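Before any comments, here is the structure.
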Number of protein chains: 2
Amino acid sequence: MTTQAPPPDAAPAHSIGLARLAGLLADRTRAAFCLALLDGRAWTAGELAAYARVAPSSASEHLTRLTEGGLLVEHRQGRHRYVQLASPRVAELIEGLTAHLDPPAERPSGLRAVNASAALARGRTCYDHLAGRLGVAVTDAMTGRGLIDQDGGFALTGAGRTWFAEALATDTATLRAGRRPTARGCLDWTERRQHLAGVAGARLCAGLLERAWIRRVGSGRAVRLTSTGAAALRDLLGLDAEAAGLL
Amino acid sequence: MTTQAPPPDAAPAHSIGLARLAGLLADRTRAAFCLALLDGRAWTAGELAAYARVAPSSASEHLTRLTEGGLLVEHRQGRHRYVQLASPRVAELIEGLTAHLDPPAERPSGLRAVNASAALARGRTCYDHLAGRLGVAVTDAMTGRGLIDQDGGFALTGAGRTWFAEALATDTATLRAGRRPTARGCLDWTERRQHLAGVAGARLCAGLLERAWIRRVGSGRAVRLTSTGAAALRDLLGLDAEAAGLL
DNA sequence: GCCTTGTTTCGGGCCCGGCCGAAACGTGCC
DNA sequence: GGCACGTTTCGGCCGGGCCCGAAACAAGGC
């Protein structure tokens, strides 16, 4: 007899599920796939293979595992196999894990790499919302204006809801659609600060793209604030884009 | 040339870290250890070995991997090796993963198992805060009284902060200690609903235990509401413990 | 001192799962 | 039809990791 009380069916069925889920991400190549797919777009199998530098055959097998595991959904079109993250929940799952990686240490080498990573640090999308200095600066500005409460947790305030209605012409009723939280903090791995995620974060990002206040740069996930966007953010949030290093 | 822009150092160093972190949980035995340790207490190596039904030697190796990976901390005392989760952050990490497991399906067999799992479903601790029907009911009552905002995210309101000061004699200044969020929603895997976690959740649980409003039952993580506790919750939150099936 | 008990280290066996290349399949283009 | 290209399946190789048992270490208890 031990001092502990081991339940009759000691190892719970739960542990098997947890191990299997973790196992999906417990491989360098699959992890790279998921991180790449965090940009929210659909990639083809070949693109992912090239990105992770593995043979197409290897990539194919990994993708079937990830889709069967429920992390990815696929969509065949012609001779292409497009895959993307199955849902915002999956994106949150992966974000949540990466937030627990100790050091943001990572020093790029080579001029193109430096430029690319500087652009990413300035602003980028994180699945369907904004991240990087841009995402954090907007979140901070909204917090400063009382639109977001970061003091007692992370939530959109009443004022924040009306701001969405007025500034972005959002139907506020749809801000709480389904089970997905209206607002959520997402830890930024370059800034180590929270930025706005959840339904509101997605709306904000979509709204800015729609109005061409931000624009995707290159083919990746980096985004750049446009000059009209900078003016709009100064107007709506009192955000000084230049001082925040967003230009 | 592909249509995608693969960065020169294609597979980011990040993916290695993610894979390694996930790998720590990608084993049935280690997953079982972590789930057991979610009760927040320190277990000895032997207890965990018996719990997961593996040889002590296997358990030992798993524990060194988990501690070296930063998920566990150990504390040697005499000939015992006590381990526990390294921090609330780790508990959140594991909770976050388990929240993504599809079905809560799990049907216990045997009378003792049924009793045990019924007690767990009624009320239990989840690392350092309350979960089960008890945790969800308290959270709902607090939400109904405007102490918690679950509408725009998950946050403790101003009224909630004063409630902590008055009802639990908490120093509200310490409610935002360090980087840990004041309030956080934690998805309950029996109820599939959010309950209060974060610093406030820990304070609440500690406060109730201190006042003997709840009491640990058995040696596990199950807790039971006492009769004075039921009266107190009716007083402070208007919560009808009997109607909520907490007795 | 000896014995018990909790833990660790080591060796060995086994199997899973990663990778690749070659070949087959399907689709779209010409 | 024929060709090119993206993808998948299969076989084979190989390394890593999970398990155990036996033996070696502590740390108490006597």
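Everything numeric in this text was worked out from a predicted model, so none of it was measured. We name chains A, B, ... by the order of the sequence lines, and we start the count at 1 in each one.
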I need the NE2-C1' distance between A:H75 and D:dG6, as an integer number of Å. 15 Å
Kindly say whether the aromatic ring centers of B:F33 and B:W43 come within a distance under 6.0 Å. no
Net bend of the helix from C:dG1-D:dC30 to C:dC30-D:dG1, end axes of five pairs each, nearest 10 degrees: 20°
Looking at residues at least two apart in the chain, or sitting in another chain, which of them share a side chain to side chain donor-acceptor pair (under 3.5 Å) with B:T226? B:T228
Just by modelled atom types, is the B:L175 backbone N or O under 3.5 Å from a matching donor or acceptor in the B:T182 side chain? yes
Going by side-chain contact (heavy atoms from CB on, under 4.5 Å), name the residues that satisfy it together with A:A55, two or more places apart in sequence or in a different chain. A:S57, A:S58
Taking N and O atoms by type only, does the side chain of A:T44 place a donor or acceptor under 3.5 Å from a partner on the base of D:dG6? no
What pairs with B:A91 under side-chain contact (heavy atoms from CB on, under 4.5 Å), at least two apart in sequence or on another chain? B:L38, B:L85, B:E95, B:Y127
Sorted by chain and number, sequence neighbours left out, side-chain contact (heavy atoms from CB on, under 4.5 Å) with B:A31 holds for A:S15, A:L18, A:A19
Would you say A:R81 reaches D:dG6's phosphate, i.e. side-chain N/O to OP1/OP2 under 4.0 Å? no
Contact interval (first through last nucleotide) of DNA chain C with protein chain A, 4.0 Å heavy-atom: C:dG17 to C:dG28
In whole angstrom, give the distance that lies between atom CG of B:D27 and atom C1' of D:dG16. 13 Å
The criterion is side chain to side chain donor-acceptor pair (under 3.5 Å); which residues satisfy it with A:T29, sequence neighbours excluded? none
Looking only at side-chain N and O atoms, does A:H80 come under 4.0 Å of OP1 or OP2 in D:dC5? no
How would you list all residue pairs meeting side-chain hydrogen bond (donor to acceptor under 3.5 Å, both in side chains) that involve residues 75-92 of chain B, not counting sequence neighbours? B:E74-B:R76, B:E74-B:R81, B:E92-B:R184
Partners passing side chain to side chain donor-acceptor pair (under 3.5 Å) against A:D27 (at least two apart in sequence or in another chain): none
Can you work out whether A:S58 or B:Y82 has the more 5'-proximal nearest nucleotide on DNA chain C? B:Y82
Pairing residues for B:R193 by the side-chain contact (heavy atoms from CB on, under 4.5 Å) criterion, not counting sequence neighbours: B:V136, B:D140, B:E191
Each nucleotide N or O in nucleotides 25-30 of chain D that has a protein N or O under 3.5 Å away: list the pair and distance.
{"unit_1": "D:dA27", "atom_1": "N3", "unit_2": "B:R79", "atom_2": "NH1", "d": "3.2"}

Can you sort out the partners of B:R30 under salt bridge (charged side-chain N to carboxylate O under 4.0 Å, His left out), two or more places apart, ordered by chain and number? none
